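First the proteins, then the strands, lettered A, B, ... as listed; each starts at 1. Being a predicted model, the structure only gives us computed values, none of them experimental.
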2 protein chains.
Amino acid sequence: MTAVNDPVPDPGAPEQRIVKPPSMVDLAARSVRQMILGGTLIPGERVVENRLTAQLGISRPPLREALRMLEHEGLIRQSQHRGAVVTPLTLHDVYEIVTFRRELERMAVVLGVPVADTDRLQRCWTAIRRMEAAVDARDEAELSEANFDFHLAVVGLAGHRRLEASYRSLQLQMQLCMALNRNARSRRKESASANMLRHRKLLRIIEDGDPDAVLAELEHHGDRTFLADLPASLDNGSDQAVAWLEKERAHPA
Amino acid sequence: MTAVNDPVPDPGAPEQRIVKPPSMVDLAARSVRQMILGGTLIPGERVVENRLTAQLGISRPPLREALRMLEHEGLIRQSQHRGAVVTPLTLHDVYEIVTFRRELERMAVVLGVPVADTDRLQRCWTAIRRMEAAVDARDEAELSEANFDFHLAVVGLAGHRRLEASYRSLQLQMQLCMALNRNARSRRKESASANMLRHRKLLRIIEDGDPDAVLAELEHHGDRTFLADLPASLDNGSDQAVAWLEKERAHPA
DNA sequence: CGGTCTGCAATTGTCTACAATAGTTTGACT
DNA sequence: AGTCAAACTATTGTAGACAATTGCAGACCG
C-alpha cells in the first residue's frame, strides 16, 4: 500500500522540488515518518524491520539507515537488540518539545527579523499561498504540510541552517504529539480562515521589522489551544513537567 | 591502528560507563568522530567508505549507519552517489555554531538554575574533578573530554534531554572548529588552572541559584578567545556572518 | 588548439545470506 | 502447584557480493 516503488508521479500536483530522485533511504524515511505521524504506527508500538521492509518493498540496510534518521529526528527510539519503538510520549516530552520550540522561534525572530534577504520572505509568502489553496481545496493533509512549511520558512528568516534543522525536528515531534489527540482536531477546522488571518498578520508584522512586535504576536500564536486538551494517555511525566504545565495553564492567554 | 576490534580495555582508566558493549555502529561512529576531531580527517576531505572499513576492520553497513549519525551531528555531509566529506567550515558555520550554542546555554540556565535535582549537580562536580585530575596528569586529551562533559553536565541541569542532545551536537562542531587552528592552542595551556577556577566559580554561582548571576558569569566564560584568532582558511562566509563577527569583536570583553 | 563525446574506473546504493542476541515458552524438578 | 532453567523462536546485527551511478580520462571532431 505504502510501497516506495510505486511510480505515482502525482500528475496533477505541482512539480516536485526534488530534481534528483531521492535515494531509497530517503523514501523509506519519508514513508515511515508518514506512517508515524499519520497514526498508522502509534507511540509505544514496536517498529519491526522485517514488517516494514515487506510493506515498503525494500531491503533492510536502507531501512535501517532510515530508522537511524528517524531516531535522530526523535520519532523513534532504538535500543540494542531490542528493536525500535515509536517514541512513547510522556508529559515531560511535551514539556521539552513546547519549551524548546518556543525558544527556537524566539531566537529565529531575534536573529532574523529585520529581514535581510527578500528571498526568505518570498518563501514565507509562497507557503501562505499554498495554505490558502489547501484551505480552498479542503485538503487537510496538504494544509498541514503547508502549515509546516510556513513555520519552517519563518524560522528560516534567520538564515541559520542549524537552527532551522533543529526546529524542523521539533516540529515533527510536535506533530507526533498532535497525532495523539486526533479526535479533538475537528474544532480547529472551522477556525481555518481565522488561522490564515493570524498567519498573514504575523508576516506583515515581520515585514515591518520590529522584533519585539513579532515576539508579542507569537505569544498569541501559541500552543495554548494545544496544551488545553492533552490526551489522558500520557501519564508518567516528571514533576518538573507537571509544575510547568500548571504554570503554563495559569498564565493568562 | 584505529581498529574498532582492538580489545583495549583501558586497564588503568576508570571503568567504562557503558555496561552493554556498544554496537559496532556506535564504535564506528566514535572512531570516525575522533578521526575528524583529532585532525586525521580535515574539513573538506572526502570520507571514503571502503577506506574506513579497511582501517576499522568492520563492514560497510554499520559504517554507513555511523556516517548517517555523524551527518546528523553535523560533522560530515553526504550527497547522492557522491559520498561524504568532512563538513567544510565557513565563517557562516562558525557564526551559526557560536550563536546557537550560546543561546542553548542561556536556555539551559533559565530552565534549570534553581537546580531541582541534586544528582545533576553531582554530575557537574564529578566532571570538574575529572578535569582537575587530567590537569594534574598533563593529559590533554582527557582534559578536553572532561571539559566537554562538564559543559554538557551544566546544560544537563535543565533536565531537558532534547536541549542537551542539541548542545552536544553543537559542542562537537565547536571542537571541529578548534581542530582547525590547532597551532594556536598552546597559549591556553598555561591558563589551565585559571580555567579551572572559572569553572568552579561558575558552579558555585549556579548553586546559589540566581539565574541572572549565572548568565552574567557565562558572558566571561565566552568564546572571545576563540573568536579572536580564527584560522585564515575559512574565507567564504555570508555577509551576515562577517557583520556578526565585526559586532562580536567590537563588543568589550 | 579548444570543445565535446564516449568508455572506463572508482565509489556508492542495494540485496541476500549468515551469525548473534534477547525474549519467551515449555519442561522438569522441588 | 510453583519456580527455575534450558532450549527455541523471533528479531536484530553484520558480512560479503552485485548493480547502478558518477566523475574523469583519453580520443575524436570542429
Inset, instruction - Go through D:dA17, C:dC15, D:dT14 for me and flag the one nearest to the A:S59 side chain. - result: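 Closest nucleotide to the A:S59 side chain: C:dC15.
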Legend entry - Per A:I58 side chain, nearest of listed nucleotides D:dT12, C:dC15, D:dA15: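 When the side chain of A:I58 is considered, C:dC15 is the closest of D:dT12, C:dC15, D:dA15.
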Inset, instruction - Strictly below 4.0 Å, heavy-atom distances to any atom of DNA chain C: list the hits from residues 63-78 of chain B, or just say none. - result: B:R64
Inset, instruction - Tell me which of B:S79 and A:H81 sits closer to the 5' end of DNA chain C, going by the nucleotide each one is nearest to. - result: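 Mapping each residue to its closest nucleotide by heavy atoms, the 5'-most match is B:S79.
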Inset, instruction - Kindly state each residue pair satisfying ring pair (Phe, Tyr, Trp, His ring centres under 6.0 Å) with at least one member in residues 30-50 of chain A, sequence neighbours excluded. - result: none
Residues forming a salt bridge (Lys or Arg N to Asp or Glu O under 4.0 Å) with [X], sequence neighbours excluded:
{"X": "B:R102", "answer": "B:D223, B:E248"}
{"X": "A:R161", "answer": "B:D93"}
{"X": "B:E65", "answer": "A:R64, A:R68"}

Could you give the [atom1]-to-[atom2] distance, from [X] to [N], as a whole number of Å?
{"X": "A:L27", "N": "C:dG13", "atom1": "CG", "atom2": "C1'", "answer": "13 Å"}
{"X": "A:D26", "N": "C:dT12", "atom1": "CG", "atom2": "P", "answer": "16 Å"}
{"X": "B:R60", "N": "C:dC15", "atom1": "CZ", "atom2": "P", "answer": "13 Å"}
{"X": "B:E49", "N": "C:dT11", "atom1": "CD", "atom2": "C1'", "answer": "8 Å"}

Inset, instruction - Could you check whether B:R46 gets within reach of a base, just the sugar-phosphate, or nothing at all, counting any heavy atom under 4.0 Å? - result: sugar-phosphate
Legend entry - Sugar-phosphate, base or nothing in reach of A:P61, heavy atoms under 4.0 Å: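 Contact class for A:P61: base.
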Legend entry - Expected output: side-chain A:T126 to main-chain A:Q122 donor-acceptor under 3.5 Å: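 Confirmed, A:T126 side chain pairs with A:Q122 backbone.
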Legend entry - Salt-bridge criterion met for A:R123 and A:E164 (N-O under 4.0 Å):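 Salt bridge between A:R123 and A:E164, a charged N being under 4.0 Å from a carboxylate O: yes.
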Legend entry - Residue-phosphate contact under 4.0 Å: B:R82 side-chain N/O, C:dT12 OP1/OP2: no
Inset, instruction - Compare side-chain N and O positions of B:Q80 against OP1 and OP2 of C:dG13 and report whether any pair is under 4.0 Å apart. - result: yes
Inset, instruction - Let me have DNA chain D in dot-bracket notation, would you? Count Watson-Crick plus G-U wobble pairs, both distances under 3.5 Å, and use [ ] for pairs crossing earlier ones and | for inter-strand partners. - result: ||||||||||||||||||||||||||||||
Inset, instruction - For B:A158 and A:Q240, work out which heavy atoms get closest and say how close. - result: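 It is O-NE2, 2.8 Å.
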Legend entry - A:L75 side chain near A:V32 side chain, heavy-atom distance below 4.5 Å: no
Inset, instruction - Report yes if some heavy atom in the side chain of A:L52 is under 4.5 Å from a heavy atom in the side chain of A:M35; otherwise report no. - result: yes
